[in-house]
Amino acid sequence: MIRTTIQSAIHQFETRNNFRLDIKAVLFDMDGVLFDSMPNHTYAWVNAFKEYGLEIPVEEAYMNEGSTALATARTMFKKYRNQSIAPEKAEEIKMCKHRIMDSLPASEVMPHMPGLVKAIADQGFDRWVVTGSAQNILIDRLEKEYYGLLQRNKMVTAHDVTIGKPHPEPYLIALKKSGLNANEALVIENAPLGVLSAKAAGLFTIAINTGPLHPHVLTDAGADLLFEGSEELFLAWPEIALFLKQHSCLAI
Ligand code: MG
């Protein structure tokens, strides 16, 4: 069953893009994929906006995930107040959100992801991180929590980009830095804006729905394969990897 789903997702992707997948690397998003950090982001956003008199539903934190903090501040005031806020106010809200984030306990590593990243490494695929996050504490923890599996020189963060997701920029930078072509990397994302970004960069994208969103928002954003969570992807990965390996042998 899963094999048929994988096969047909790859076939559709290749037909649309008119190239053949020959996967050499996996590009991981960080928040909501490598770390279970979205509950902290959500709490911080909801409470930061509350300090500025705006109530937002928790889903908004997930819908805007991957976007810059300044863009989220502007978008929420526009959407719920029909107000265009001044850059100074957006900056204040961003700082407030960061203050709240810093007061929260550290995020946990996403269950099953260290095992998945290790399997991916053992199978000979390279690993990159492509995150919209500017949180140095979490970025620095990646090397420790995913010891020997992820390296700081193979990460694209908010510090490297000017536009950010959902623009393809972060993934295009990762392709440039790694020297990979679009048919040589696949993406693992959890957020609609992240999926949009990866798809706009022309990449095969696996979504894991680790938050409260309805799964259709991830397929609507263009995800090629969708899993209910990190465990489902971890369990399906051997089949995906086997198929990709056989597939790229056939390409030669
Ligand atoms: Mg994410």
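Remember, it's 1-based here, ligands and their atoms both numbered in the order they're listed. Residue numbers count from 1 along this sequence.
Using a 4.5 Å heavy-atom cutoff, the side chains of Phe13 and Lys199 are in contact.
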**Q.** salt bridge (Lys or Arg N to Asp or Glu O under 4.0 Å) evaluation trace for Glu91 with Lys94
**A.** CA-CA 5 Å; Glu91 184 66 30; Lys94 176 185 113 176; 3.6 Å; yes

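Seen from the Mg ion (ligand 1), atom OE2 on Glu65 and atom OD1 on Asn190 lie at an angle near 110° (rounded to 10 degrees).
Between the side chain of Thr210 and the backbone N or O of Gly229, no donor-acceptor pair lies under 3.5 Å. Checked by atom type and distance alone, the side chain of Lys154 never pairs as donor or acceptor with a backbone atom of Asp126 at under 3.5 Å.
Residue-level check: among N/O/S atoms of Asp31, O sits closest to the Mg ion (ligand 1). For Asp29, the N/O/S atom at the shortest distance from the Mg ion (ligand 1) is named OD2.
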